[in-house]
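Residue numbers begin at 1 in each chain, while the letters A, B, ... track the order of the sequences.
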2 protein chains.
Amino acid sequence: MWGLSLQVSLQALKAFESAARQGSFKLAAEELSLTPTAISHHISNLESRLNVNLFHRLGRRISLTGTGIRLAKATSDGFRKIDSALEEVMKAGSSVRVTTTSSFAAMVLIPSQHEFEQANPDISMEISTGESVDSQSYIIPIRFGDVSVAEDADVIKSESFNVFGTYGMAPPSWSNEPITLFTTEWKNQSLPAPPLAAWLEKNGLDGSNIKLKKFDQELFGIQQAMAENGLVFCSTTLSKRLLKSNLLQQFETRSVKSDLCYYVPNKHSFETRSAIRFLNWIEYMLNQ
Amino acid sequence: MWGLSLQVSLQALKAFESAARQGSFKLAAEELSLTPTAISHHISNLESRLNVNLFHRLGRRISLTGTGIRLAKATSDGFRKIDSALEEVMKAGSSVRVTTTSSFAAMVLIPSQHEFEQANPDISMEISTGESVDSQSYIIPIRFGDVSVAEDADVIKSESFNVFGTYGMAPPSWSNEPITLFTTEWKNQSLPAPPLAAWLEKNGLDGSNIKLKKFDQELFGIQQAMAENGLVFCSTTLSKRLLKSNLLQQFETRSVKSDLCYYVPNKHSFETRSAIRFLNWIEYMLNQ
DNA sequence: AGTTTAGATGATTTAAACTCATCTACAAGT
DNA sequence: ACTTGTAGATGAGTTTAAATCATCTAAACT
């Protein structure tokens, strides 16, 4: 296999391809960032190795010979094929494309996007949410779901829940006055609900004076709590950054584990350097 | 166009393609006549330029990554395409394939085949006759036909006719005894007949004592004349070599021009070096 | 006719590609 | 478990292919 083509240089073929496509050595030279001399050498080398004239030289004007046309067609097709694959691969190597829930995107991914790109200047990060073309190659989906559904190896963060309030607000008196608590009821019925009952029990509360207001995304509950100086029962992952930046605070309550987790389906199948770096980074960040 | 692939070397891609196809750097090295070191360098260079791992390294065993598989597919396809075109072109450059009538082949082409290959050691000559795949690219047809049908530029030899006999035979006495003359009646009715009448007139003969025996190919008439020590009325082109080698002789008769010629349809369209050399050679040989 | 432009050609320089020597890690045989 | 052999990685050194520079030619356009 590949017996004959070993005798000709691929760079010469590339030079020929470009010159053939553009009908000019000069333009080919520009395209390939070379001098016209290099193109001329390449092509005459090619012609003598193949024992064929590829161009008619009519003084300073050139045109393809019949053989030249044939060869140009094949080389153009061949290089185009290689090139587009290369393009795809390079893009995959220099960027990560992540898709996830709007809550996770808004509260975790987007705020730390800059930090990631700072730490990995050669990788650009694209974030998308919603029903995007999910299983398209090279897009990393970060799903929120039932730990029992996800493969163990795919889990990047097991969720705990707790109650948070806006920074500076007085700790609520859990037993006396009526309390409004924002929480989440997933649109997707098959997801385990937020473990509010377990949390109440763990913290020795009966919850009779708590009035729940439910949103279908945690994000909204958190925003509402911040807007109204209220309380929200949400996952520690989403609240973490707001706690750090003193926009939310935590009280003397203890968090409870849930059956929910963030996971990346077939995590191990992402093999590009950028994907691996991203996955390592986000797993470390979430669990640190 | 071709923006991205400029950053990677085609030789590295070739090394990758081979290693991917064979699953081994060592085998790739053998295929490309390189050292395994060169392959290793090429591939790691490629990987770092693309920012992707193309092979899993499990100790001394390697296997393609998902990205590697994709790229290998495209590069293999691309190179295969280029390679087969190259193969075709090289073959066209190093050989001429000629198809012609059996008479011309037997009397002119085949006898001088060796001489041509001697003079052009890098070109091999293939001769075929009959209803071969005529207009296939790169095959040169030498046709025998009406000068008024052929393009002027395509004609390589205008035919003259004369009478020849075997070497050493006594000159025939044209006017007295009955004479047997071999001549040709083409199967193809649209071809101009051999100009026997014109020849008789030019040589001041009336032909009343001449008995014609007709074959449908000149070749047969010539052979028959030689076998029977007889006379043949045939084209000067076909008899030339036999005259030179003293197998036939010519008498005091004068040759006449005919409306027949040998020509190569679209002669100018044959552009490979081998074809051009062949055409120059045969035209020179026929007209010298 | 003079000027400009595209390409050819040959000598020289530069940089990419290849090899050599050395090292590591696995696999197979004892 | 301890050799031995094999495949590949790595870094330094060498070679050769590929690019440039300088010069020249021929056509095209003022």
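Remark: C1' of D:dT10 and CD of B:Glu47 are 14 Å apart, rounded to the nearest angstrom. We find that CG of A:Leu32 is positioned 13 Å from C1' of D:dA18, with the value rounded to whole Å. Residue B:Phe55 contributes atom CZ, which lies 9 Å from atom P of D:dG8 at whole-angstrom precision. In this structure, A:Leu58 atom CG and D:dA26 atom C1' are separated by 12 Å, rounded to whole Å. Here C:dA17 presents its P atom at 14 Å from CD1 of B:Ile43, a figure rounded to the nearest Å. Atom pair B:Leu34:CG and C:dC20:P shows a separation of 12 Å (rounding to whole Å applied). Distance NE2 (B:His42) to C1' (C:dA16): 9 Å, rounded to an integer number of Å. Remark: C1' of D:dA19 and NZ of A:Lys14 are 17 Å apart, rounded to the nearest angstrom.
With sequence neighbours excluded, no residue forms a side-chain hydrogen bond (donor to acceptor under 3.5 Å, both in side chains) with A:Asp259. Taking the side-chain hydrogen bond (donor to acceptor under 3.5 Å, both in side chains) definition, one finds that A:Gln22 meets it with A:Ser18, sequence neighbours left out. With sequence neighbours excluded, the residues forming a ring pair (Phe, Tyr, Trp, His ring centres under 6.0 Å) with B:Tyr262 are B:Phe104, B:Phe144, listed by chain and number. Judged as a side-chain hydrogen bond (donor to acceptor under 3.5 Å, both in side chains), and not counting sequence neighbours, A:Arg241 has no contacts. In this structure, the side-chain hydrogen bond (donor to acceptor under 3.5 Å, both in side chains) partners of B:Ser274, at least two apart in sequence or on a different chain, are B:Thr272.
Taking the ring axis of A:Phe79 as reference, the NZ or CZ atom of A:Arg21 does not stay both within 45° of it and closer than 6.0 Å to the ring centre.
Residue pairs satisfying the salt bridge (Lys or Arg N to Asp or Glu O under 4.0 Å) criterion with at least one member in residues 36-48 of chain A, sequence neighbours excluded, are listed as follows: A:Glu47-A:Arg57. For the ring pair (Phe, Tyr, Trp, His ring centres under 6.0 Å) condition, the pairs that include at least one residue of residues 18-58 of chain B, sequence neighbours left out, are B:Phe16-B:Phe55, B:Phe25-B:Phe55.
Side-chain polar atoms of B:Ser258 and B:Glu159 form no donor-acceptor pair below 3.5 angstrom.
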Protein heavy-atom contacts under 4.0 Å, written 5' to 3' over nucleotides 2-10 of chain C as B (base), S (sugar-phosphate only) or - (none), form the string --BBSSSBB
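Here A:Gln11 reaches the OP1 or OP2 of D:dA19: one of its side-chain N or O atoms lies under 4.0 Å away.
For the helix from C:dA1-D:dT30 to C:dT30-D:dA1, the terminal axes (five pairs an end, C1' atoms, rotation from four pairs onto the next four) enclose an angle of 30°, given to 10 degrees.
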